[in-house]
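Positions are given from 1, in the same order as the sequence printed here.
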Amino acid sequence: YKRQVYAFGCSMQSSKAVARLKQICGKSDDRLTVVCSSLSQISELARVDNPQFKVLKRNLPGPFTFILEASSRVPDKILGKRKTIGVRMPDNSIAQALLAALECPMVSASVKDDDEVVEYTTDPELIEERYDGVVDMVVDGGYGSLTPTTLVDLTDDEPEVLREGGGELIW
């Protein structure tokens with residue numbers, strides 16, 4: 001069992017929920033990630049060529065966030081002025097169940113304090129206590145991890161690891 005970093009999330013289709021997510025975690029557009037249930041969902045939201053698709057297929061689902069050029073299907077409320085999008089496809093059964101129930105991608109941001117992951121963010125009871133009345137619910141998946149996803153930029157010819165994390169990139 002791999003422990004995940006806890007995150008805030010909402011339906012990509014609700015502009016109200018996306019605005020609320022940004023407010024809760026104090027994030028600007030460039031700090032949000034779109035969580036998808038499949039490679040085909042990722043391909044709808046990002047421009048993915050064959051070499052990029054091979055990297056995605058080898059590493060997903062898993063503890064990675066990939067930066068790709070956004071397609072026109074990504075709502076402006078998520079992109080802002082950016083032309084790229086961070087996408088994930090977690091290997092966590094809770095995240096996959098939420099995606100299946102929503103029937104669309106989620107917008108997500110890690111539970112952090114002043115842009116640093118701190119100890120309370122690993123304990124669902126402490127997360128619920130801290131965000132009581134702020135979030136609609138906390139899904140208790142057990143203790144989480146402080147290890148973030150591996151962040152990989154796929155917008156150039158070769159993948160570039162921008163942040164080491166829980167995954168080792170296979171290209």
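Taken to the nearest 0.5 Å, the CD atom of Q52 stands 9.5 Å off from the CG atom of D156. Rounded to the nearest 0.5 Å, atoms NZ (K57) and CD1 (I42) are 12.0 Å apart. Rounding to the nearest 0.5 Å places OG of S71 at 13.0 Å from NZ of K83. How far CG of D153 is from OG1 of T65: 12.0 Å, rounded to the nearest 0.5 Å. N59 contributes atom CG, which lies 11.5 Å from atom CG of D91 (distance to the nearest 0.5 angstrom). We find the CD-OG1 distance between E164 and T150 to be 6.0 Å, quoted to the nearest 0.5 Å.
Using a 4.5 Å cut-off between side-chain heavy atoms of Ile, Leu, Val, Met, Phe, Trp and Tyr, with links allowed through other members, I94 and V35 fall into the same hydrophobic cluster. Note on L151: it does not cluster hydrophobically with M89, by side-chain heavy-atom contacts below 4.5 Å among ILVMFWY residues. The hydrophobic cluster containing L102 also contains V139, counting ILVMFWY residues as joined when their side-chain heavy atoms lie under 4.5 angstrom apart, directly or transitively. Hydrophobic clustering of Ile, Leu, Val, Met, Phe, Trp and Tyr side chains at less than 4.5 Å, counting indirect connections, unites V87 with L79.
In terms of modelled atom types and a separation under 3.5 Å, the side chain of Q96 and the main chain of P90 share a donor-acceptor contact. A donor-acceptor contact shorter than 3.5 Å is absent between the side chain of R88 and the backbone of F66.
Across all non-hydrogen atoms, the minimal contact from V111 to T121 is O-CG2, 3.3 Å. Between P124 and D140, the closest heavy-atom pair is CG-OD1, 3.1 Å. Shown here for E158 and W171, the closest heavy-atom pair between the two residues is OE1-CH2, 3.3 Å. The nearest pair of heavy atoms linking G144 to Y6 is N-CE1, 3.8 Å. Across L45 and M12, no two heavy atoms sit closer than the pair CD2-CE, 3.6 Å. The shortest heavy-atom contact between T147 and G166 is CG2-N, 3.6 Å.
Contact check for V18 versus C10: side-chain heavy atoms found under the 4.5 Å cut-off. For the pair V34/M106, no side-chain contact is recorded, criterion being any heavy-atom separation below 4.5 Å from C-beta on. Under the 4.5 Å side-chain criterion, counting only non-hydrogen atoms from C-beta, I67 is in contact with T155. Residues I127 and D123 form no side-chain contact, since every pair of their non-hydrogen atoms from C-beta on lies 4.5 Å or further apart. Within the 4.5 Å cutoff, the side chain of L68 has heavy atoms near those of the L56 side chain. No side-chain heavy atom of V152 sits less than 4.5 Å from a side-chain heavy atom of E160.
For the side-chain contact (heavy atoms from CB on, under 4.5 Å) with I78, the qualifying choice from L21, V107, T33 is V107, the only one to do so.
Applying the ring pair (Phe, Tyr, Trp, His ring centres under 6.0 Å) test to F8 and every residue at least two apart in sequence or in another chain returns Y131.
Heavy-atom contacts from other residues, nucleotides or ligands closer than 6.0 Å to CG of D157 number 12 or fewer. Summarising the local packing, CD of E125 is surrounded by 12 or fewer heavy atoms from other residues, nucleotides or ligands at distances under 6.0 Å.
Side-chain contact of R20 with S14: a donor-acceptor pair under 3.5 Å is absent, judged by distance alone.
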